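To start, the structure itself, in C-alpha cells.
We use all heavy atoms of the structure for the numbers below, so side chains are in, but hydrogens, waters and symmetry mates are not. It should be emphasised that the depicted structure is a prediction, and the values quoted were computed from it without experimental measurement. Read the numbers this way: they start at 1 and go in the same order the structure lists the ligands and their atoms.
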Amino acid sequence: MSDAVEAGLPATRRRLLDALADGPVSGPALADEVGVSRAAIWNHVEALRDAGLAVDSTDDGYVVGDVSGYSGEAIAYGLDGPFAVDYHDSVGSTNDRAREVAAAGARDVVVVADEQTASRGRLDREWVSPPGGVWLSVVCRPEVPPAHAPAYTLAMAVAVTRACREAGVDARIKWPNDVLVGDGGERGGRKLCGILTEMEGEADRVSWLVIGVGLNANVDPADLPPDADATSLLAERGDPVDRHVLVQRIVKEFDALRGDLRGAVDAWEEYADTVGRRVRVDTPGGVVEGEAVGVEFPGALLVDTGDDTVRVTAGDCEHLRPAAE
Ligand code: BT5
C-alpha cells in the first residue's frame, strides 16, 4: 500500500495499545515490547491520554482505566478481531475513503468518522451525517463470487441490530438495508441506520467489498432530514451511547458473521420486520406487491404475490398496512 493511503493507526501506536491491553506494564517493559525508547513511550502515553484513554501510572506500571471520547485509539483499544482502525474527525464519505484504501490493496480496515460532509445512500441519495453518529465502512476481501455480496449487507444489518439491542434499543431490520425502531408508519418504523455495500470484482470473484454503516447514534433527529422519519439511539434511550464500544461490538459481530454467511441470513430473518408483512417493492424490473414470506441466501426477498413466489434481489421496499386496517 502506498504511504498516501496508509490506513489506520501507526504500527507503534497499535503495538503500544496491544501491550497495554494485557494489564499493568512498566515503562521499560513497554519500551522493550514496542521497540522504542522510554522517552518515546512517555510521548505516546501522553498522546493516548489526549485521545481519551485514562492511562494511569501505578506502582505496577501503566494501566488503562476509563476510555472516554471517540478516537482511533479508543476504538482500537481492546478491539476484538483483525481490523485496523482508520479514524477521521471529519471526512467526505467513509465509503469513499474505504474504496481508496481498498484500491491500494488493504484488507480488514474499518474507516470511522465523527462527521461526514459528502456521504451517500443508495442510488447516490444524500445521507446526512452530523457529528455524533457512527459513520463507518469496513473493507474486506472475501474469496466469494460477486453474487454473494448481498449476504454481507445482511450480516452487517444483523451486527448493527445486535449492537443496538445491547444498547437497550429494540432495533429490527427492514429489507434490504435499513435498521428501524418501532413498527408504525408507512415505511415500517423510524430509520436508525442505513447500510451501503459497494464492491469491485471480476465475473467470478470479489476483489474487495466496502460495507458502509450510517447509524444515528448520539444525534438529534431534528438535525436529520425531516421527510426521512429518522430516529437515533440518543432519542430512543434518552442518553448518549459510548460510541467506541458500539463500533467495537458492530465490528466484532460482523467479523463472526462473515465466517458464517448462511447463519447470518438465518439471524437476519429472526430480526426482520419485513417478513410476514404486505410489501410493495420498487425493483429495476417493475413493482412487486404481495406478502414477504422469507429471505433466501444470499439476500433475496421472497414475495408471495398471490399468483407466484417472486425472488426480489434489489429495490426499495415499502411496508403496506394490512388490508383490514
Ligand atoms: C441508505 O441509503 O440507507 C444507506 C446509507 C449509508 C450511509 C453510510 S454512512 C457511512 C458510509 N459512507 C457513506 O457515504 N455512506 C455510508 P438509502 O436506503 O438510499 O436511504 C437514503 C435516504 O435516507 C435519503 O434519501 C434520506 O431520505 C434518508 N436519510 C438521509 N440521511 C439519513 C439519516 N442520517 N438517518 C435516516 N435517514 C436518512
| field | Interfacing atoms of ligand 1 (cut-off 4.0 Å, heavy-atom, Ser119) | value | 13 (C), 14 (O)

| said: Yes or no: does Ser129 have any heavy atom under 4.0 Å from an atom of ligand 1? | reply: no

| request: Look only at interatomic distance and state if Trp135 has a nitrogen or oxygen under 3.5 Å from any nitrogen or oxygen of ligand 1. | output: no

| query | Quick one: does ligand 1 sit under 4.0 Å from the side chain of Val219, the backbone, both or neither, non-hydrogen atoms only? | reply | neither

| query | Looking only at heavy atoms, what is the nearest atom pair of Glu236 and Val169, with distance? | reply | CB-CG2, 3.9 Å

Could you list the donor-acceptor pairs under 3.5 angstrom formed between side-chain atoms of residues 61-73 and any protein atom two or more places apart in sequence or on another chain?
unit_1, atom_1, unit_2, atom_2, d
Ser71, OG, Ala51, O, 2.8
Ser71, OG, Ala74, N, 3.0
Glu73, OE2, Arg13, NH1, 2.7

| request: Could you list which atoms of ligand 1 come closer than 4.0 Å to a heavy atom of Ser137? | output: 11 (C)

| field | salt bridge (Lys or Arg N to Asp or Glu O under 4.0 Å) partners of residues 108-120, not counting sequence neighbours, each pair once | value | Asp96-Arg120, Asp108-Arg258, Asp114-Arg243, Arg120-Glu198

| Interfacing atoms of ligand 1 (cut-off 4.0 Å, heavy-atom, Gly214) | 8 (C), 9 (S)

| request: Within a distance under 4.0 Å of any heavy atom of Ile195, pick out the atoms of ligand 1 and give their elements. | output: 4 (C)

| request: May I ask you to decide whether Arg172 forms a salt bridge with Asp170, counting only side-chain N to carboxylate O separations under 4.0 Å? | output: yes

| field | Ligand-side contact atoms (ligand 1) for residue partner Ala230, heavy atom cut-off under 4.0 Å | value | 35 (N), 36 (C)

| said: Show me which atoms of ligand 1 lie under 4.0 Å from any heavy atom of Glu126. | reply: 24 (C), 30 (C)

| note | Taking only non-hydrogen atoms of Thr94 and a 4.0 Å limit, the atoms of ligand 1 in range are 10 (C), 11 (C), 12 (N)

| ligand 1 versus Asn177: contacting region, heavy-atom distance under 4.0 Å | side chain

| task | Flag Arg122 as yes when one of its N or O atoms lies below 3.5 Å from any N or O atom of ligand 1, and as no otherwise. | result | yes

| Do Val128 and ligand 1 have an N or O pair less than 3.5 Å apart? | yes

| task | Within a distance under 4.0 Å of any heavy atom of Arg125, pick out the atoms of ligand 1 and give their elements. | result | 17 (P), 18 (O), 19 (O), 21 (C), 25 (O)

